[in-house]
Protein chains: 2
Amino acid sequence: MGGDDDGVRAEPGRSVTSKVLALLDAFSPATPALTLSELARRTGMPLPTVYRRAAELVAWGALERGDDGRYRIGLRLWEVGSLAPRGLGLRELALPVMEDLYEVTHENVQLAVRQGLELVFIERIAGRHAVPVLTRVGGRFALHATGVGLVLLAHAPAEVQEQVLAAPLERYTELTITDPRRLRRCLAEVRRAGYAVSDRQVTMDALSVAAPIRVPEGVVAAISLVVAHDRADPVALAPLVQAAGRVVSRALNNATGPAV
Amino acid sequence: MGGDDDGVRAEPGRSVTSKVLALLDAFSPATPALTLSELARRTGMPLPTVYRRAAELVAWGALERGDDGRYRIGLRLWEVGSLAPRGLGLRELALPVMEDLYEVTHENVQLAVRQGLELVFIERIAGRHAVPVLTRVGGRFALHATGVGLVLLAHAPAEVQEQVLAAPLERYTELTITDPRRLRRCLAEVRRAGYAVSDRQVTMDALSVAAPIRVPEGVVAAISLVVAHDRADPVALAPLVQAAGRVVSRALNNATGPAV
DNA sequence: CTGGCGCTTTCACTGGGTGAAAGCCGAAGC
DNA sequence: GCTTCGGCTTTCACCCAGTGAAAGCGCCAG
């Protein structure tokens, strides 16, 4: 048999639901718009199948189809997605605080939560005169490099930490921590200090200072400032970020009764 | 009220996809967390069916299941949703401008697009010392009352305008425009002036000033300031909002090549 | 005119989906 | 302790929604 396929293999007999979800999976920040055949190729499903499923998704609003025939994620899906618990309570409560932080510093302000072994950026205020950051809202990133990542990892369940420490740590710059033992010491220091500094560990021009956001059960999110590394004084910024973290923590604890 | 809602009726033989989407539909700002039986009741589907579909959605991350057994929208869905075209390009470009507007005024800044016969709030900066607004990001609202709504409606395709004008116009306050002929005149005035003012037409304490965001094809979004009606000077605010709208328009036109 | 590409529709077959019913589990009541 | 009850999970035999090869369509380039 010719072995020239590259995309996801189509397991015969996969459930309809998984097909629908596979279609959504095909979209990514790098490929936010796909033609029918691209979708078919990426999901490994026959073209007519993709056609029918996609048509249903378009009818509901989960996908949109542009004049160019390409499919995109639909506004309706965004709408439903914004009901995600962290999208809701946390984001709404944190945004005013992030604005304050931005107004004081005019630097990039970021808010992230951990999901599995990665972090997801929930919100970001991108200072127009600040260093450009390559992350985007809704984007994922490794836990071991960014400021928010270090905070989230430092306060994650032990098993999560072990899994991250066991896997190879990707290197982004020459300052990225890739030695598990050094990372372990770094995490201990983050817990002790109550904040994390990532100095040029993601890009060589930026430095970030991050602080945890806590509920009684533990740390649910992290907030950070990203600044140019050569005009940065992490020690001066830390109290600001920590204070912001505490304000959001307090707001969260007051607001949410039962569920996070 | 409306506590007795039967939710969506189950047509026998509806497609699996529609069942999956019906599950997502069951979630709303008012009901962001649902038990299995609530889901079954709201969608009109048998409990085992809901159980299986929901399990698949949880496995993928479209839903999450809390310790309390309730289902919530999952972070993964939010992540995919944030790839929606308006969620992406527009929001990212508009946010810095919205921040500037907030910094100058310290009032609520809102960004909305039209979807069908309603508007959807894409982004909002809620001034902590400004009037509280009841809308939320990801939430929908009628087109005929708010400032953004009037702008979006005034520049919507004729058929959309006719549909809105033909349907009964819900009254929110005694100042809400509910007479189609008056609304029609109002829309003409919005087009002429290049901005819209909604004075106490949604709540009796707030007033909003909105301006369009344009691409060559037409108006794709609207930006607005919401302020306390008694300290408002719409005529003074209008140029600010219009300027913000123009800045975003320009950014959009530069950034987006092929697709909006 | 022809060939190629990408999308849409058809059609007969089949296995994933169905839902009634039975099992399970923990909490509240006796 | 035992029982009931409500809500969740699993089973099972039936069957129609979904399937995908193949044919049809529309468009553009050569």
Side-chain angles (χ1 to χ4, degrees), chain A residues 1-2 4-27 31-60 62-74 258-259, chain B residues 3-4 6-27 31-60 62-74 258-259:
Chain A
M1 305 298 222
D4 62 329
D5 356 81
D6 38 3
V8 183
R9 288 293 300 119
E11 296 306 323
R14 65 203 287 200
S15 78
V16 176
T17 307
S18 82
K19 291 182 189 178
V20 169
L21 296 174
L23 285 181
L24 299 182
D25 251 337
F27 294 90
T31 57
L34 297 166
T35 66
L36 185 61
S37 1
E38 282 170 341
L39 267 175
R41 191 158 28 78
R42 287 178 158 261
T43 55
M45 301 194 282
L47 215 132
T49 301
V50 174
Y51 176 71
R52 283 180 300 238
R53 295 283 75 79
E56 284 190 281
L57 288 171
V58 169
W60 186 80
L63 295 182
E64 287 173 3
R65 192 157 199 192
D67 300 332
D68 55 358
R70 281 163 190 272
Y71 294 92
R72 282 162 237 274
I73 296 293
Chain B
D4 57 1
D6 293 334
V8 186
R9 288 293 304 124
E11 298 305 322
R14 64 204 286 201
S15 79
V16 176
T17 308
S18 82
K19 290 183 188 177
V20 169
L21 297 174
L23 285 182
L24 298 183
D25 252 337
F27 294 89
T31 57
L34 298 167
T35 66
L36 186 62
S37 1
E38 282 169 342
L39 267 175
R41 192 164 40 74
R42 288 181 155 258
T43 56
M45 300 194 282
L47 215 131
T49 300
V50 174
Y51 176 71
R52 283 180 300 239
R53 296 283 74 81
E56 283 190 282
L57 288 170
V58 168
W60 186 79
L63 295 181
E64 286 173 4
R65 193 158 197 189
D67 301 330
D68 54 357
R70 281 161 190 275
Y71 293 93
R72 283 163 237 274
I73 296 295

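Throughout, protein chains are lettered first and strands after them, A, B, ... in sequence-line order, and every chain is numbered starting at 1. Just the heavy atoms: all of them, side chains too, but no hydrogens, waters or symmetry mates, feed the values below.
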From C:dT8, D:dA17, D:dG20, nucleotide with atom closest to A:R52 side chain: D:dG20

Contact summary for A:R14 and A:T43, nearest pair of heavy atoms: NH1-O, 3.4 Å

Rounded off to whole Å, could you give me the CE-to-C1' distance for the B:M45 and C:dG19 pair? 13 Å

Spacing between B:R53 atom CZ and C:dG17 atom C1', to the nearest angstrom: 7 Å

Smallest heavy-atom separation, B:A26 atom then B:L39 atom, equals CB-CD2, 3.7 Å

Between CG on residue A:D68 and OG1 on residue A:T35, distance to nearest 0.5 Å: 9.5 Å

Both A:V16 and A:Y71 contact DNA chain C. Taking the nearest nucleotide for each, which residue is further toward the 5' end? A:Y71

State whether B:T49 places a side-chain N or O below 4.0 Å from either non-bridging phosphate oxygen (OP1 or OP2) of C:dG19. yes

Could you grab the distance from atom OG1 of B:T31 to atom CD of B:E38, nearest 0.5 Å is fine? 8.0 Å

To the nearest Å, give me how far apart NZ (B:K19) and P (D:dG18) are. 8 Å

Give, for atom CZ of B:R72 and atom CG of B:L34, the distance between the pair rounded to the nearest 0.5 Å. 9.5 Å

Output one line per pair: protein atom, nucleotide atom from nucleotides 4-8 of chain D, and distance, for all N/O pairs under 3.5 Å.
from	atom 1	to	atom 2	distance (Å)
D:dC8	OP2	B:S37	N	3.0
D:dC8	OP2	B:S37	OG	2.2

Rounded to the nearest 0.5 Å, what separation is found between the CG atom of B:L57 and the OH atom of B:Y71? 9.5 Å

